Amino acid sequence: MVEIRDIRTHLSNLVAEAVEEAVRTGDLPDVAIPGPGIERPKDVSNGDYASTLPLRLARAALMPPLDVARAIVKHLPADGTLDPVEIAPPGFLNFRLAASYLQAQVDAVVSRGGSYADLTLGTGKKAQVEFVSANPTGPLHVGNGRGAAIGDSLASALAAAGYEVEREYYVNDAGTQTDTFGDTLYARYQQIFGREAPIPDDGYPGEYMAELAEEIARLHGEDYLRPEGEAAPADMSALGIELMVKKIGETAERFGVHYDEWFSERSLYEGEKPYETAMGILRANGQLAEREGALWFSSSELGEAKDNVVVRSDGRPTYYASDIAYHYDKFVRRGFGLVIDVWGADHHGHVSRVKTATRAVGGDADNLHILLYQLVTLKRGGEIVRLSKRSGDFITLDELIDEVGKDAARMFFLLRSPGSQMEFDIDLAVKQSSENPVFYVQYAHARLASILQRASEQGVTPEGGDVGRLTAPHELALIREMLRLPEAIEQVATTFEPQHLPHYAMTLATAFHVFNDAFKQAGDSSMKVITEDAELTRARLRLVQAAKIALARVLELMGVDAPERM
RNA sequence: GCGGCUGUAGCUCAGUGGAUAGAGCAUCUGUCUUCGGAACAGAGGGUCGGGAGUUCGAAUCUCUCCAGCCGUACCA
């Protein structure tokens, strides 16, 4: 039997065969044939799948689209997965899955269980998703939450699509901002011991810096105190960053995100020194030039708007140099076949440069996808709050999780496409928490669980249910909806747009609620899932079980809990 | 100035060049003696920012204008 995840390919093949046969018999002229283009009609009354091939073929074939359609249908091979194919004006081919096929899929989903909707499109390929990677100079804020939700779900979807996926956080522990961070931290540290130590002008005024200093004082007492007037000890910054990275990791875990790798920027300059190797490649290719006391990457020769500095005149590498080495490391040293960088949109000016550099050091830039998400503007009390660690005025991701919960927050971020600017009204988010779509979906899952539980208490289980008994329209509609999951995953894994997951989850939840309500509205207890007819009950429980599997899977991909009860 | 993203219902947002542009929230009207009312059905609500073009067909592609955000560092 054709698996649901292969159904579109199957339909494409059928149409291609029919066209070939139609040409052979002379029912269609021998012209260039575009792909069958199997798509999803918006309106289910137009079938489960459709092809517009007749419309697109009509001109070249010099035939009316409907005649083209008839010629194709005439030669379509008989196929058990489909009802008879319909022709609809002005020239659509409409395909409808046969009830027997739909019913059989219920068993197929149940036997697949938690691996239902696994795909093979990424099998054998290593993928890396790098996301959040916020400077470890402060706690994660609400905007980072958006990157976390997007990156983590994307990684999950890629894993479901067959990729071997690593989640990575790039720790910027080498830049100039870490110095400023260290200076600020030392100022706060000195304040604890009663010194008049002002926070540097370009430092970090946030209260969290004082808390961090207190933590260091708690752990190390006065060990880091230097004579008054002296600069901060060299390792103050590193210590602070270590503690901050730990906090960030804890926040990520609370948000349901687990990183496989915390990649230190500094490590690029140590050990195997990927930085030296990457720069060596550029130098060997004659793409480095010294000018005005600095070292420049001749990127303009590679199509960039201008050359860029990689080593400052004071001898320190720029962040761009680190990024070149970092992407060399990702592609060449570690050998990822697919690399996704999830960045805030304020870095978009950097996209082209990094791709060019990746190519220049031998990386496969075509498989480097830089996913930009627009920044979150935060509104509180009707006023816009700037999200900046520098200003010290922001809402942390921890606070957001405390107030609206991990599940609601993740769903909220995922629902919006990464490219859309979003306004996060913190007051509204708290107030709306009980109306958040996440509860609608979770409730559907809890109801599914509850039905199975109730039946089990009455001694009825789904085992052995005859899916052939599932013939009611709302039963078939629910089956159709749960069969869309592989398609949703494929869409996310190929377009890198995770918002399709929550939208699918909501549609599936609706299909279940409608299914469930249809029994209630009938006002006849014999029409409920659990009926006097034990065989029919078993069949319906089988569907409930399958739907629960599909819903749990999509919730898992979104990093949202699938509760058995609420 | 140049470049990128965005502009779709009152609000927040979906929408792979195809059929009557959708969802949630909000508003209004109903359903079911709740296998779990955080449910379901229905209604109202749109010049898809404006204009031009390509196409058998455009919210979707091209051009242009308008508006918002961002970028255009030897910051990251």
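Residue numbers start from 1 in every chain, and the chains themselves are labelled A, B, ... in the order their sequence lines are given, proteins ahead of strands. Keep in mind it's a predicted model, so treat the numbers as computed, not measured.
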Residue-phosphate contact under 4.0 Å: A/Y440 side-chain N/O, B/C40 OP1/OP2
yes

Sidechain N-carboxylate O distance under 4.0 Å for A/D314, A/R316:
yes

B/G36 phosphate, OP1 or OP2: any side-chain N/O from A/Q453 under 4.0 angstrom?
no

Counting only Watson-Crick pairs (N1-N3 plus N6-O4 or O6-N4) and G-U wobbles (N1-O2, O6-N3), all under 3.5 Å, who is the partner of B/C61?
B/G53

Looking for any heavy atom pair under 4.0 Å, which part of the strands does A/N94 touch: base, sugar-phosphate only, or nothing?
base

Residue-phosphate contact under 4.0 Å: A/R447 side-chain N/O, B/C40 OP1/OP2:
no

Heavy-atom closest pair, residues A/V492 and A/P498:
CG1-CA, 3.9 Å

Over all strands shown, is A/S417 touching base, sugar-phosphate only, or nothing at heavy-atom distances under 4.0 angstrom?
sugar-phosphate

Answer with base, sugar-phosphate or nothing: what part of the nucleic acid does A/M566 contact at a heavy-atom distance below 4.0 Å?
base

Can you tell me how far C1' of B/G15 sits from OH of A/Y504, to the nearest Å?
18 Å

Identify whether any heavy atom of A/D43 sits under 4.0 Å from a base atom; if not, whether one sits that close to sugar-phosphate; answer base, sugar-phosphate or nothing.
nothing

Where each residue is assigned the nucleotide of RNA chain B containing its nearest heavy atom, which of A/V514 and A/R454 is assigned the position nearer the 5′ end?
A/R454

So for A/Y443 and B/A38, does any side-chain atom that can act as donor or acceptor lie under 3.5 Å from a complementary atom in the base?
no

Report yes or no: is the ring centroid of A/F92 under 5.5 Å from the six-membered base ring centroid of B/A19, with the two planes under 30 degrees?
yes

Does any N or O donor sit under 3.5 Å from an N or O acceptor when you compare the side chain of A/T318 with the base of B/C74?
no

If pairing means Watson-Crick or G-U wobble with both distances under 3.5 Å, then the partner of B/A38 is none

Less than 4.0 angstrom between a side-chain N/O of A/R40 and OP1 or OP2 of B/U16, yes or no?
no

Could you tell me how far B/G45 sits from B/A23 if I compare only their P atoms? Round to whole Å.
15 Å

Side chain of A/N516, base of B/C35: donor and acceptor closer than 3.5 Å?
yes

Atom P, compared across B/U27 and B/U60: separation rounded to whole Å:
33 Å

Just the rounded figure in Å: distance from C1' of B/A73 to CZ of A/R316.
14 Å

Quick one: does NZ or CZ of A/R410 land under 6.0 Å from the six-membered ring centre of A/F413, within 45 degrees of the ring axis?
no

B/G45 pairs with, by Watson-Crick or G-U criteria that keep both distances under 3.5 Å
none

Who pairs with B/C69 - Watson-Crick or G-U, where each distance is under 3.5 Å
B/G4

Would you indicate what A/Q491 reaches in the nucleic acid, counting non-hydrogen atoms under 4.0 angstrom: base, sugar-phosphate, or nothing?
nothing

Once you round it to whole Å, what is the distance between C1' of B/C35 and CG of A/L541?
11 Å

How does protein reach along nucleotides 2-9 of chain B, written 5' to 3' as B (base within reach of a heavy atom under 4.0 Å), S (only sugar-phosphate), or - (no contact)?
-BBBS---

Remember a base hit wins even if backbone is also touched, and classify A/E86 as base, sugar-phosphate or nothing at under 4.0 Å, heavy atoms.
nothing

Does a distance-only test, which skips hydrogens and angles, find a donor-acceptor pair under 3.5 Å between the side chain of A/H347 and the base of B/A76?
yes

If you measure from the P atom in B/U55 to the same atom in B/C65, how many Å do you get, rounded?
23 Å

Is the ring pair A/Y170/A/Y326 parallel, tilted or perpendicular, if the boundaries are 30 and 60 degrees?
parallel

Give the rounded distance in Å between these two atoms: NE2 of A/H503 and C1' of B/C13.
6 Å

When the P atoms of B/A59 and B/G49 are considered, how many whole Å apart are they?
10 Å

Taking atom P in both B/G15 and B/G57, what distance in whole Å separates the two?
25 Å

Distance check: side-chain N/O of A/S313 vs OP1/OP2 of B/C74, anything under 4.0 Å?
no

Tell me which of A/M422 and A/G293 sits closer to the 5' end of RNA chain B, going by the nucleotide each one is nearest to.
A/M422

With heavy atoms under 4.0 Å as the rule, sort A/A305 into base, sugar-phosphate or nothing.
nothing

Say we look at B/U62 and B/C5: how far apart would their P atoms be, to the nearest angstrom?
10 Å

